[in-house]
Amino acid sequence: MKILLPDSVIFNLDCTLCCGQTFRWEKRAVWWYGIVRDRVLRIRQTGNQLEFEGASEPFITTYFGLNDDLPRVYREIGKDEHIRTAIEAFRGLRILRQDPWECLVSFICASYKNIAAIRRMLHELSMKYGGQIRFEGYAFHAFPTIDTLAGATVEDLRKCDLGYRADYVSRTAKKIRETDYDFESLKKKGYSQAKEELLQFSGVGKKVADCVLLFSLGKLEAFPVDVWIKRAAMGHYSSRFSEEFIRRLQDEKGLSDTDYEKLNYFGRQYFGSFAVYAQEYLYACERSQG
DNA sequence: CAAGTGCCTTTATC
DNA sequence: AGATAAAGGCACT
C-alpha cells in the first residue's frame, strides 16, 4: 500500500525510528521491519511517499503520529537558535503512538542503560517469550504478552540481561494481570490521572511514566528529563538558570528529584504547549554530537 | 591492559 | 522533604 504525503505533512521515517523512543524496529536494506501485535509490518519512505505492508492506512497514520501539525509545532517551539538548528537537523522526527504494554516494559528496562543495551534486552525477551512469526524467510518475534511475562520466573527474566529490572518487569506484569488493568482506558484519562496510575507499577518513576504517556498514549503534556536533556540545559540553556544550579547539575552524576522538576518546569514554560517535541529534538541533537 | 566511567533511573533508606 | 547509595553488565576510554 502507498500513501503520498502532502507537503504540509513533514515526516522522516529514519529519524523517527532511530531516536530512542522505540527499540525493536530493524532496517534491512531499504525496508524497515517492525512487529505490530502478531504481524510483521514493512515500511519504507521515498521522498513524500510511504510504502508499506502489514497494516492499514489509518493505523500507519496513528502509529507514526502523522496527524501532529509539525509546521505549527516548529513555529511554537522555535524559540532560539539552538532549537532551530536541532529542528533542521532532525526535521520530520515524530512522536510515535506505540503499544502501551511494550512501551511500558521497554522503558522499565531502559533505566540506566544505553540504547544498544536496551535493544539487546528487548530482543532477548522477544526471542525467548514472544511467538515466532515468519516473514520473507526471516524469523521475527512478537513482543511477549502480559500473561507470558507474568508467568516467567525472575531468574529466567534475568537471563535476558535485565539485571535488577527483571523483578520490576515481573511484578508489573503480575499486577496488571491480577487487576486486569486496561491500558486503553488510559488514553481517555487526563495526563495527571494517567501518570498517577502508571506510577503505581514497580520500576516506574516519573521518567519512565512520562515516556509511556508520551510514546504510547499520545499525552504530549509529558516532558521526560534524562541525562541528555540535562546536558542540553547545561550546554545551551545555562543562562536560563542560576550559576549555582548549573554547578550542581555538573557536580552530580544522575538527576535529583528537585532537578528533574526544575528542568521539567523550565522545558514546559519555555517551549510552550508542544514542549515535548522540543525535548525530542534536543535529545536527538545532544546524542548525535553533544 | 586494568580500572574507571557512564548508561533516556528507581527504590530503599536514612 | 530531600539527599544518597545500591542495583547487571557491557562498551568505551
Side-chain angles (χ1 to χ4, degrees), chain A residues 15-25 86 90 93 95-96 98 102-125 128 152-173 175 195-216 219 222-235 244-245 247-265 267 275-290:
Chain A
C15 285
T16 301
L17 293 178
C18 288
C19 70
Q21 56 177 321
T22 186
F23 304 98
R24 280 183 3 104
W25 281 88
F90 298 95
L93 189 166
I95 307 284
L96 297 172
Q98 306 178 57
E102 177 169 349
C103 194
L104 178 61
V105 175
S106 298
F107 282 94
I108 288 175
C109 291
S111 90
Y112 211 45
K113 280 284 183 186
N114 57 44
I115 290 180
I118 300 161
R119 292 180 64 92
R120 268 200 304 278
M121 287 189 282
L122 296 174
H123 182 72
E124 293 289 314
L125 268 185
K128 193 162 176 177
T153 65
V154 176
E155 299 85 79
D156 282 343
L157 291 175
R158 276 182 180 268
K159 288 179 190 151
C160 298
D161 289 331
L162 266 66
Y164 59 87
R165 300 163 196 80
D167 196 42
Y168 297 156
V169 170
S170 176
R171 284 162 64 177
T172 295
K175 186 164 185 174
K195 186 167 186 175
E196 204 172 294
E197 292 182 19
L198 285 172
L199 286 171
Q200 303 304 311
F201 294 115
S202 176
V204 181
K206 46 183 79 175
K207 165 62 168 50
V208 172
D210 267 347
C211 285
V212 176
L213 289 163
L214 182 56
F215 300 135
S216 69
K219 306 291 182 200
F223 191 90
V225 178
D226 57 46
V227 291
W228 299 99
I229 294 306
K230 171 180 159 179
R231 281 179 197 148
M234 293 189 296
E244 187 205 347
F245 179 69
R247 260 199 305 280
R248 200 167 77 212
L249 288 184
Q250 285 166 344
D251 288 345
E252 69 185 2
K253 263 197 285 187
L255 204 62
S256 72
D257 247 28
T258 37
D259 294 347
Y260 186 102
E261 292 304 334
K262 199 157 176 172
L263 292 174
N264 179 287
Y265 180 77
V276 71
Y277 263 100
Q279 186 272 357
E280 280 304 297
Y281 286 85
L282 291 176
Y283 174 82
C285 188
E286 209 61 36
R287 265 187 14 104
S288 70
Q289 23 134 24

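Chain letters run A, B, ... following the sequence lines, proteins first and then strands; every chain starts at 1.
Counting distance only, with no hydrogens placed and no angle test, the side-chain atoms of A/Lys253 and the base atoms of B/dG6 include no donor-acceptor pair under 3.5 Å.
Only A/Arg158, A/Gly163, A/Tyr164, listed by number, bring a heavy atom of residues 157-164 of chain A to less than 4.0 angstrom from any atom of DNA chain C.
At whole-Å resolution of the value, CG in A/Asn114 and P in C/dG8 are 17 Å apart. Rounded to whole angstrom, the span from the CD atom of A/Glu124 across to the P atom of C/dG9 amounts to 14 Å. Remark: C1' of C/dA11 and CE of A/Met121 are 14 Å apart, rounded to the nearest angstrom. Computed from coordinates, the A/Arg287 CZ to B/dG6 P distance equals 17 Å when rounded to whole Å. Atoms CG (A/Asp226) and C1' (B/dG6) sit 13 Å apart, rounded to a whole Å. In this entry the distance linking CG of A/Leu104 with C1' of B/dT10 reads 13 Å, nearest Å. The CG-P distance, from A/Asp251 to B/dG6, rounds to 12 Å in whole Å. Rounded to an integer number of Å, the gap from CZ of A/Arg165 to P of B/dT11 is 13 Å.
Residue A/Gly254 is classed as a base contact, given a heavy-atom separation below 4.0 Å to a base. Among the protein residues, A/Val225 comes within range of no part of the nucleic acid, since none of its heavy atoms lies under 4.0 Å from any strand. Residue A/Cys19 is classed as a base contact, given a heavy-atom separation below 4.0 Å to a base. The residue A/Phe201 sits close only to the backbone: its heavy atoms come under 4.0 Å of sugar-phosphate atoms, none of a base. Within 4.0 Å (heavy atoms only), A/Gly20 reaches at least one base atom of the nucleic acid.
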Donor-acceptor contacts under 3.5 Å from residues 106-115 of chain A side chains, at least two apart:
residue: A/Ser106; atom: OG; partner: A/Glu102; partner atom: O; Å: 2.6
residue: A/Asn114; atom: OD1; partner: A/Ala116; partner atom: N; Å: 3.4
residue: A/Asn114; atom: OD1; partner: A/Ala117; partner atom: N; Å: 3.0

Atom pairs and distances, side-chain donor-acceptor, residues 197-207 of chain A, under 3.5 Å, sequence neighbours left out:
residue: A/Glu197; atom: OE1; partner: A/Tyr181; partner atom: OH; Å: 2.6
residue: A/Glu197; atom: OE1; partner: A/Lys189; partner atom: NZ; Å: 3.4
residue: A/Glu197; atom: OE2; partner: A/Lys189; partner atom: NZ; Å: 3.3
residue: A/Glu197; atom: OE2; partner: A/Gln193; partner atom: NE2; Å: 2.7
residue: A/Gln200; atom: NE2; partner: A/Glu196; partner atom: O; Å: 3.2
residue: A/Lys206; atom: NZ; partner: A/Glu261; partner atom: OE2; Å: 2.5

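Between B/dA12, B/dT9, B/dC8, one nucleotide has an atom nearer to the side chain of A/Arg171 than all others, and that is B/dA12. Checked against C/dG9, B/dC8, B/dA12, the side chain of A/Lys113 finds its nearest nucleotide in C/dG9. With B/dT10, C/dA7, B/dC8 as the choices, the nucleotide that has an atom nearest any side-chain atom of A/Glu280 turns out to be B/dC8.
How far CZ of A/Phe215 is from CG of A/Leu104: 13.5 Å, rounded to the nearest 0.5 Å. Interatomic distance, SG of A/Cys19 versus OH of A/Tyr281, reported as 8.5 Å (0.5 Å rounding). Atom CZ of A/Arg158 is separated from atom CG of A/Asp156 by 12.0 Å, given to the nearest 0.5 angstrom. Note that CD1 of A/Ile229 is 7.5 Å distant from CD of A/Glu280, once rounded to the nearest 0.5 Å. Put simply, CG on A/Asp226 and OH on A/Tyr260 are 8.5 Å apart, with the number rounded to the nearest 0.5 Å. Considering CG of A/Leu162 and OH of A/Tyr168, their distance stands at 11.5 Å, rounded to 0.5 Å.
B/dT5 sits 14 Å from C/dA5 when the P atoms are compared, rounded to a whole Å. Rounded to whole Å, the separation between the C1' atoms of C/dA11 and B/dT10 comes to 23 Å. B/dC8 and C/dA6 have their P atoms separated by 23 Å, given to the nearest Å.
In this structure, B/dG6 is classed as anti because its glycosidic torsion departs from zero by more than 90°.
Of all non-hydrogen atoms in A/Tyr277 and A/Ile95, the two that sit nearest each other are OH-N, 3.1 Å. Listed here is the closest heavy atom pair of A/Ser170 and A/Ala152: OG-O, 4.4 Å.
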For DNA chain C, what is the dot-bracket line, given that a base pair needs Watson-Crick (N1 to N3, plus N6-O4 or O6-N4) or G-U wobble (N1-O2 and O6-N3) geometry with both distances under 3.5 Å, and | means paired with another strand? .||||||.|||||
Might you list the N or O atoms of the protein lying below 3.5 Å from N or O atoms in nucleotides 1-6 of chain C, with each pair's distance?
residue: C/dA3; atom: OP2; partner: A/Thr258; partner atom: OG1; Å: 3.2

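Taking 4.0 Å as the cut-off between side-chain N and carboxylate O, A/Asp167 and A/Arg171 count as a salt-bridged pair.
Remark: A/Asp259 engages A/Arg248, A/Ser256 in a side chain to side chain donor-acceptor pair (under 3.5 Å) (not counting sequence neighbours).
You'll find the side chain of A/Glu252 reaches within 4.5 Å of the side chain of A/Leu249, heavy atoms only.
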